[in-house]
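Taking it in order: structure first as structure tokens, then the write-up.
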Amino acid sequence: MDYEPQELETRWRDRWAEAGRYEADPDGEAEPTFITVPYPYPSGGMHIGHCRTYTVPDVYARYRRLQGDDVLFPIAWHVTGTPIIGAVERLKKGEEDQLSVLRDTYNVPEDTLEDLETPMGYARYFIENHYKSGMKQLGLSIDWRREFTTNDERYSKFITWQYERLKERGLLEKGLHPVKFCTDEENPVTTHDLLEGEEAEFQEYTLVKFEGEIGSDDVIAPMATLRPETVRGVTNAYAHPDGEYVRATVDSETWVVSSAAVEKLRLQERDIEIHEELSGADLIGETVTNPITGDEVLILPATFVDTDNATGVVMSVPAHSPDDYLALQEAKEDEERLREYGIDPADVADIEPIPILDIEEYGDVPAKTAVEAAGIESSDDPELADVTADLYQAEFHQGVMHDDYGEFAGMTVENVREQFRAHYAAEGAFDEMYEFTEEVVCRCGGDVEVAKQDTWFLRYNDAEWKQKAHQVLSGIDTIPENTRDQYDHTIDWLNEWPCIRNYGLGTRLPWDEDFVIEPLSDSTIYMSYYTIAHRIEDVPPEDLDTDFFDALFYGEDAVENPDERALDLHEEFDHWYPVDWRCSGNDLINNHLTFFQFHHGELFDESKWPEGITIMGMGLLEGEAMSSSKGHVVLPSKAIDEYGADTVRFFLLNSAEPWQDYDWRDDLVGSTRDQLERFWSRAQEVLDFDVPDEQPDLEHVDRWLLSKLQGTVREATEAMDGFETRTASQAVFYSFEEHLKWYRRRADLDREGAQWTLREVLRTRLRLLAPFVPFMTNELHEQLTGEPAEDADWPEPDPAFEDERVERRERLVESVTDDIHDIVDVTGTDPDTVRVYVAADWKRDVFETVRETGTNVGAVMGQVMEDPDLREKGDAVNDLVQDLVELVRERDDDELAALAGVDEQAVYEDAEAFLETEFDATVEVYAEDDPDADDPDGKADSAVPFRPAIHLA
RNA sequence: GCGAGGGUAGCCAAGCCUGGAAACGGCGGCGGACUUAAGAUCCGCUCCCGUAGGGGUCCAGGGGUUCAAAUCCCCUCCCUCGCACCA
């Protein structure tokens, strides 16, 4: 039978579907195992980069089934939030990029595009035609009865229950929060909605409220700065001479700021009324008072001031800012210009930098030192930015505040900034304003600004809640183990999390219908929903109130008059929960996986807390990140059509451990396919053997192979328990192929014993490989035994076949073969006779002495030299002891014990026939001290125990 | 900057926790078998030197511990990822 994966795999898919093979219902006897993976987000199609994420849990699920567990592996679809809506919008607008992704990358037929113009239509298309069909093609052992979407009515009731309960427990809080806001669409936007500035970050400027008289009005000129602690070093201020400014009431104060700033402040929840438009020239030459020092400073003209950034008025700290230092120098030199604005140049000439912090190796005036050291003379010098960055960096970490900072004196900037700012903000001298670090543009072309919005937060900063999350974590197996620190760190680091959005799919906030609960916040404990997803369909949504879910999750004592239907569902929940394993991506450690722990800690009893998390690496395609927008993807359907699902699975699981990145390379996938095909044809040969079931006489090599098989079972089992799919499949498949290679070279395969052995080996390996390549192994195992591999048991190591001495003996044959090969290669000879001399008995005695005495050469020599016969041999004994000490050091006790029991001469004599074929020569085995030994070149005495002397002729 | 993970032969990559064989395996390359040929398959070789199983150098760089270090400790250099309101 030839290997035809397409035909074979279709047949098994149909069988599974017809039998409902992976539908899991509580089974009283078996141990329940519940495995989940984050539900996919169908905002596009599935590509090969997604496949491993779902295949790893499948392999584990299949493994646990073979171990006899009752396994639940469900899937659902996450549609919450804006990505799908955004994708639909772009499609409806006919955006070329979007159309190209749909048409070219995901092969959506032209006449189907119309169906994709509603969010759920769009989602449904990709669910059915990509995810679901792809998962079925891959052979994922999913219980399909339990699928749902997060936009389903009943799921929403479940989310409603959860948020009602969190609110009751005081874990939700209302507050203001900065968001990205498109000024055209007048809506908050997400990173996915951006054309430019995806990298932009929120930057919180401190506004230092300088007071003064501009025109004839008392006003506040808020100077925007990122370094509020430098306020004592301010010598002057700058405004743009041609900039547009306004005088306006901001909340209850009168401010002068740029016109551009007004709009931003409005978005940041300020009450604003404009009184008068001003030009920069109106500000210049005026003096304002530093709210901290009380010093009066002059506003100077500067065209480098950006009126579109923050307030459009900046303070100047020439002692610590290279920009300000140069600008001041330049202002002093241009007296003409100062007079133009009615400023007395003498007043400017008097301005000297005021240092406010010390930093080693930068002298009294760090900015001056930095600028001069770099040889910068003009503010146009492109090197200035680097010099500035270096100085800021150094000052931040090493700068020590001067004495006039009072309670803040002596501290470093790093430690003082936040405190300092909070202190003067509380006094009313400082205010704040947000800006982006770069320009941000919406996909609609509109300008995106920072807006402050009313939001509900999850209080992840709550100390008690954090404590619970740590407790949950301490009970979780984290794979790989070194991710544990990251979770702990994330738990401590998480702050308040805004859990709602203004629009998007999903569940409305129960007490405020204007808001939708965002995706990361509606997916924290949904694994529990899988346990009842298919059966809750029988309950009308209007009955699904909070009491219902309390009874469902907490049982009959949780509420008065619990709903019988809920209690019924509770039994199934109770059967499957907690989650045994959550298999997820390493990019979710920082958010989802930690939220998952917080919410379980809060909402469930300790007995329902998750037990394991394993994280997965990314997929690359031919060494580069996959990208659907660039069309740099491979679709699973295409890969499976070309190679077969078993090959795709085997490659994904064998090329790297789950948590490592893997690289989908066509040539390597092709070679995986060849390997499976070879496995198949070798298996066919074994199937053709006609051997009885009961064990025939076995030879040494057969026992050797069977012993190796037991070790492989052990290794694979241990690896599977730790999700090490690569180690497990490598051991069972590739490493064992190496053993077979040797076995085929060594053994006479026409014997009944050999054929029986090979059949045993195949039967065992099929079961060990069943989680990885279920189609092929089921087929072959059924041909071999009448039963599919997945219905058999996971193999156990059989102690009757584990034999260290057998393995040691075979190792001796391997090394003597290697040694002869080496000599043949080096000498370039083709021997007719190969003579092997086994070390004399007295050498074995020395070996025994070393074993007993230990690996101290002196001690061994002392012991050995007590024997007068040995003493006579002199240097020969010394050399031998050196060799044997080394040999013993390199081996463990079991190995040595096994070696000690080996009759070396018998081993080589048994291998004579093999060696004769191997070298096409006559092979003679002698004892070193056999008086009749034929030893033409006197080689025999170089024999060492387990390292016979060799002579070629 | 903070947090995490890495740097192994032409390339990919195992080994590192639990120190003990120039270091699994794959790809690529070279040679051979089979074949009319190609492909596939199979067998060898693939750090340097060597006509006797040997010797030399080696696991980012530099120090240290040890009889023994890719593996343990310290320092330096370089790379990847995350630092949020987003799946």
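Each chain gets a letter, A, B and so on, in the order the sequences are listed, and its residues count up from 1. Reckoned from all heavy atoms, side chains included, excluding hydrogens, waters and symmetry mates.
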Whole-Å distance, Asn654(A) CG to C27(B) P, equals 12 Å

Answer for the Watson-Crick or wobble partner of A40(B), both distances under 3.5 Å, is none

- request: For G39(B) and C34(B), measure between their C1' atoms and round to the nearest Å.
  value: 13 Å

- prompt: Are OP1 or OP2 of G44(B) and a side-chain N or O of Arg745(A) less than 4.0 angstrom apart?
  reply: yes

Taking C86(B), G26(B), A84(B) as options, the one with an atom nearest any side-chain atom of Leu520(A) is C86(B)

Base of G53(B) paired with side chain of Asp819(A) (donor-acceptor, under 3.5 Å): yes

When both distances are under 3.5 Å in a Watson-Crick or G-U wobble arrangement, the nucleotide paired with C17(B) is none

- prompt: Quantified in whole Å, what is the C1' atom distance between nucleotide G19(B) and nucleotide A69(B)?
  reply: 6 Å

Q: Decide yes or no for Pro42(A) and Val79(A): does some side-chain heavy atom of the first lie under 4.5 Å from some side-chain heavy atom of the second?
A: yes

From CD of Glu737(A) across to C1' of U41(B) the rounded distance in Å is 13 Å

Scanning all shown strands, the Watson-Crick or wobble mate of G82(B) with both distances under 3.5 Å is C2(B)

In whole angstroms, the gap separating C1' of C67(B) from CD of Glu890(A) amounts to 12 Å

Query raised in the report: Any side-chain heavy-atom pair from Leu494(A) and Thr594(A) closer than 4.5 angstrom?
Result: yes

Worksheet item: For Gln486(A) and C81(B), is the shortest distance between a side-chain N/O and OP1 or OP2 below 4.0 Å?
Response: no

Q | Side-chain N,O (Arg673(A)) to OP1/OP2 (A40(B)) below 4.0 Å | A | no

By the Watson-Crick or G-U definition, both distances under 3.5 Å, G50(B) is matched with none

Distance-only side-chain donor-acceptor flag, Asp587(A) / His592(A), under 3.5 Å: no

Rounded to whole Å, CE of Met618(A) lies from C1' of G5(B) at a distance of 14 Å

Report yes if the side chains of Pro40(A) and His78(A) come closer than 4.5 Å at any heavy-atom pair, otherwise no.
-> no

In Watson-Crick or G-U wobble terms, with both distances under 3.5 Å, the base opposite C27(B) is G10(B)

query: Is there a donor-acceptor pair closer than 3.5 Å between any side-chain N or O of Thr827(A) and the backbone N or O of Ile823(A)?
result: yes

To the nearest angstrom, the OH-P distance between Tyr734(A) and G25(B) comes to 13 Å

From the candidates A84(B), G3(B), C42(B), the one with an atom nearest any side-chain atom of Leu494(A) is A84(B)

* Could you give the distance separating G53(B) and A22(B) at their C1' atoms, to the nearest angstrom? => 16 Å

From CG of Asn586(A) across to P of C86(B) the rounded distance in Å is 21 Å

Side-chain atoms of Glu738(A) come closest, of G25(B), A84(B), A52(B), to G25(B)

Separation of G53(B) atom C1' from Asp883(A) atom CG, nearest Å, is 13 Å

Of Phe598(A), Trp493(A), Trp497(A), the one forming a ring pair (Phe, Tyr, Trp, His ring centres under 6.0 Å) with Tyr460(A) is Phe598(A)

When rounded to whole Å, the CZ to P distance for the pair Arg726(A) and C24(B) reads 13 Å

Answer for the Watson-Crick or wobble partner of C34(B), both distances under 3.5 Å, is none

**Item:** Pairwise P distance for C24(B) and G50(B), with rounding to whole Å
**Value:** 23 Å

